Protein chains: 2
Amino acid sequence: MNIGQASTATGVSAKMIRYYESIGLIEPAGRTQSNYRVYGADDIHELRFIKRARTLGFSVEETAQLLALWRDKTRASADVKRVALAHVAELQTKIIELEGMVQTLKHLADCCGGNERPNCPILEDLAGATTHAKGHH
Amino acid sequence: MNIGQASTATGVSAKMIRYYESIGLIEPAGRTQSNYRVYGADDIHELRFIKRARTLGFSVEETAQLLALWRDKTRASADVKRVALAHVAELQTKIIELEGMVQTLKHLADCCGGNERPNCPILEDLAGATTHAKGHH
DNA sequence: GATAGGGCTTCCCATCATGGCAAGGTCAAG
DNA sequence: CTTGACCTTGCCATGATGGGAAGCCCTATC
């Protein structure tokens, strides 16, 4: 299996497969006599694992940890769970941050006429926020 | 006012002030005879505006649009509102994405013993997801 | 067998917003 | 005049990804 086929089989671009190899996330692939990378069923499996982890928002670093645990047949599931829950906490922190932005902006937008006149509470907030921000009008 | 003072006055690092100048987000600052950048009250005001916009998650590009609207005294508030609501939509899309990840991971973590044994539904999901993912147990 | 088209290789560059470091000029206080 | 804190520019790094160029390889068709 060539890198292009591995790519379509896993949804990981050829570019990224090479990148993952270069940073040591995956072992260097075998090569044909003409220096083409060759992938087997195990490699495909591993790339799918990586793809899924990335889709769930794990960083490459976290993915490496999960891969190591996956490879280690004597792992404790507690270790996996810890990594997963730490990631959940990160995600939730991010969500709360974004929700704060949304709330503020929605409030400001609600207060904005959205018409032809220049008067705009959104700009007023950005320019000083001394106006009624939200909650304490 | 030197760049360091402008930085502490606005919360924008000196590095970023120079960067914003280099990409044309702000006008080149005036200079002293010894080539130090000089900032006045208006510049501080503008940097605070930028800081606030960035804090609300606007990209530098979006911030540039907002700055332009702010400077334009004849703007229509509808234009500002459009930029803001477009950004809200982006944020909400991102939030939904993250919430999907959290939901999946929480479900998997709930199903994981979190003990000394290697058996782990989290890894099983990453490795193939042919197990009961979520919803269709 | 020659040629064309597509796939592979490596290497470099760009993104976005930010930080860090280094070498050198400047300013203010002692 | 020295010291230390500040400023200047310039280059490099991040994280994960894409783009492109130059050159080699393989296969199918003529």
Side-chain angles (χ1 to χ4, degrees), chain A residues 1-26 28-40 43-44 46-67 87 90-91 94 97-98 101, chain B residues 1-26 28-40 43-44 46-67 87 90-91 94 97-98 101:
Chain A
M1 215 175 192
N2 282 342
I3 198 170
Q5 297 166 312
S7 173
T8 53
T10 61
V12 181
S13 73
K15 208 81 194 222
M16 290 313 296
I17 296 176
R18 292 192 200 100
Y19 172 69
Y20 290 152
E21 183 183 309
S22 81
I23 62 172
L25 181 62
I26 55 179
R31 300 285 184 135
T32 65
Q33 278 186 325
S34 55
N35 204 32
Y36 281 22
R37 286 177 181 81
V38 181
Y39 297 90
D43 301 310
I44 299 307
E46 200 157 289
L47 285 170
R48 287 218 183 98
F49 182 102
I50 292 169
K51 176 70 178 178
R52 176 84 176 133
R54 300 283 301 118
T55 299
L56 287 175
F58 288 101
S59 70
V60 168
E61 179 59 34
E62 290 165 328
T63 302
Q65 291 177 39
L66 292 170
L67 256 183
H87 181 50
E90 286 172 29
L91 291 172
K94 187 73 186 167
E97 194 185 329
L98 297 180
M101 295 176 188
Chain B
M1 215 178 195
N2 280 341
I3 198 170
Q5 297 167 312
S7 173
T8 53
T10 62
V12 180
S13 73
K15 205 83 196 221
M16 290 313 297
I17 297 176
R18 292 191 200 102
Y19 171 69
Y20 292 151
E21 183 182 309
S22 80
I23 63 171
L25 182 62
I26 55 180
R31 301 285 184 135
T32 66
Q33 279 187 323
S34 55
N35 205 32
Y36 281 23
R37 287 178 181 78
V38 182
Y39 297 90
D43 302 310
I44 299 306
E46 199 157 288
L47 285 170
R48 286 217 183 100
F49 182 101
I50 292 168
K51 176 72 178 177
R52 175 84 176 132
R54 301 282 303 119
T55 299
L56 287 175
F58 289 100
S59 69
V60 169
E61 178 59 33
E62 291 165 328
T63 302
Q65 291 176 39
L66 293 171
L67 256 185
H87 181 51
E90 284 172 30
L91 291 172
K94 187 73 186 168
E97 193 186 329
L98 296 180
M101 294 175 188

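From a predicted model like this one, the values you see are computed outputs, not experimental measurements. Letters A, B, ... mirror the listed sequences (proteins, then strands); counts begin at 1.
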Please output the side-chain donor-acceptor pairs of residues 14-23 of chain B that fall under 3.5 Å, not counting sequence neighbours, one pair per line with the distance.
unit_1   : atom_1 : unit_2   : atom_2 : d
Glu21(B) : OE1    : Ala29(B) : N      : 3.3
Glu21(B) : OE1    : Arg37(B) : NE     : 3.1
Ser22(B) : OG     : Tyr19(B) : O      : 2.7

In whole angstrom, give the distance that lies between atom [atom1] of [X] and atom [atom2] of [N].
{"X": "Tyr39(B)", "N": "dC7(D)", "atom1": "OH", "atom2": "C1'", "value": "11 Å"}
{"X": "Asn35(B)", "N": "dC7(D)", "atom1": "CG", "atom2": "P", "value": "13 Å"}
{"X": "Met1(B)", "N": "dC27(C)", "atom1": "CE", "atom2": "P", "value": "18 Å"}
{"X": "Ile3(B)", "N": "dC27(C)", "atom1": "CD1", "atom2": "C1'", "value": "16 Å"}
{"X": "Ile17(B)", "N": "dT9(D)", "atom1": "CD1", "atom2": "C1'", "value": "16 Å"}
{"X": "Arg18(B)", "N": "dC6(D)", "atom1": "CZ", "atom2": "C1'", "value": "10 Å"}

Taking salt bridge (charged side-chain N to carboxylate O under 4.0 Å, His left out) as the test, write out the residues that go with Glu46(B), two or more places apart.
->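 Residues passing salt bridge (charged side-chain N to carboxylate O under 4.0 Å, His left out) with Glu46(B): Arg71(B).
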Residue from Leu66(B), Thr55(B), Leu25(B) passing side-chain contact (heavy atoms from CB on, under 4.5 Å) with Ile50(B) = Leu25(B)
Of all pairs that satisfy side chain to side chain donor-acceptor pair (under 3.5 Å), the ones with a partner from residues 2-14 of chain B, not counting sequence neighbours |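 Sorted pair list comes back empty.
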Identify the two heavy atoms, one from Met1(A) and one from Ala9(A), that lie closest to each other, and give their separation to 0.1 Å.
->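 Closest approach of Met1(A) to Ala9(A): CE-CB, 3.8 Å.
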Is any side-chain heavy atom of Lys51(B) less than 4.5 Å from a side-chain heavy atom of Leu47(B)?
->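 Lys51(B) does not reach Leu47(B) side chain to side chain.
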Compare all side-chain heavy atoms of Glu90(B) with those of Lys94(B) and state whether any distance is below 4.5 angstrom.
->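 When only atoms from C-beta onward are counted, Lys94(B) and Glu90(B) do not touch, as no gap falls below 4.5 Å.
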Distance test, side-chain N/O of Arg37(B) to OP1/OP2 of dT9(D), below 4.0 Å | yes
Look at the side chain of His87(A) and the backbone N and O of Leu56(A), then say whether any donor-acceptor pair between them is shorter than 3.5 Å.
->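 Side chain of His87(A) to backbone of Leu56(A), a donor-acceptor pair under 3.5 Å: yes, one is there.
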Please give the angle, rounded to 10 degrees, between the axes at the start and the end of the helix from dG1(C)-dC30(D) to dG30(C)-dC1(D), where five pairs define each axis.
->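 For the helix from dG1(C)-dC30(D) to dG30(C)-dC1(D), the axes at opposite ends meet at about 30°.
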For Val60(A) and Arg54(A), run side chain to side chain contact (heavy atoms under 4.5 Å, CB included): C-alpha distance rounded to whole Å, both residues' side-chain angles, the deciding distance at 0.1 Å, then the answer.
-> CA-CA 7 Å; Val60(A) 168; Arg54(A) 300 283 301 118; 3.9 Å; yes
Name the pairs: protein N/O against N/O of nucleotides 12-19 of chain C, kept only if under 3.5 Å.
unit_1  : atom_1 : unit_2   : atom_2 : d
dA17(C) : OP1    : Val60(B) : N      : 2.9
dA17(C) : O3'    : Arg54(B) : NH2    : 2.9
dT18(C) : OP1    : Arg54(B) : NH2    : 3.3
dT18(C) : OP2    : Tyr20(B) : OH     : 2.9
dG19(C) : OP2    : Ser13(B) : OG     : 3.1

Quick one: which protein N/O atoms are closer than 3.5 Å to N/O atoms of nucleotides 25-27 of chain D? Pair and distance per line, please.
unit_1  : atom_1 : unit_2   : atom_2 : d
dC26(D) : OP1    : Ser34(A) : OG     : 3.1

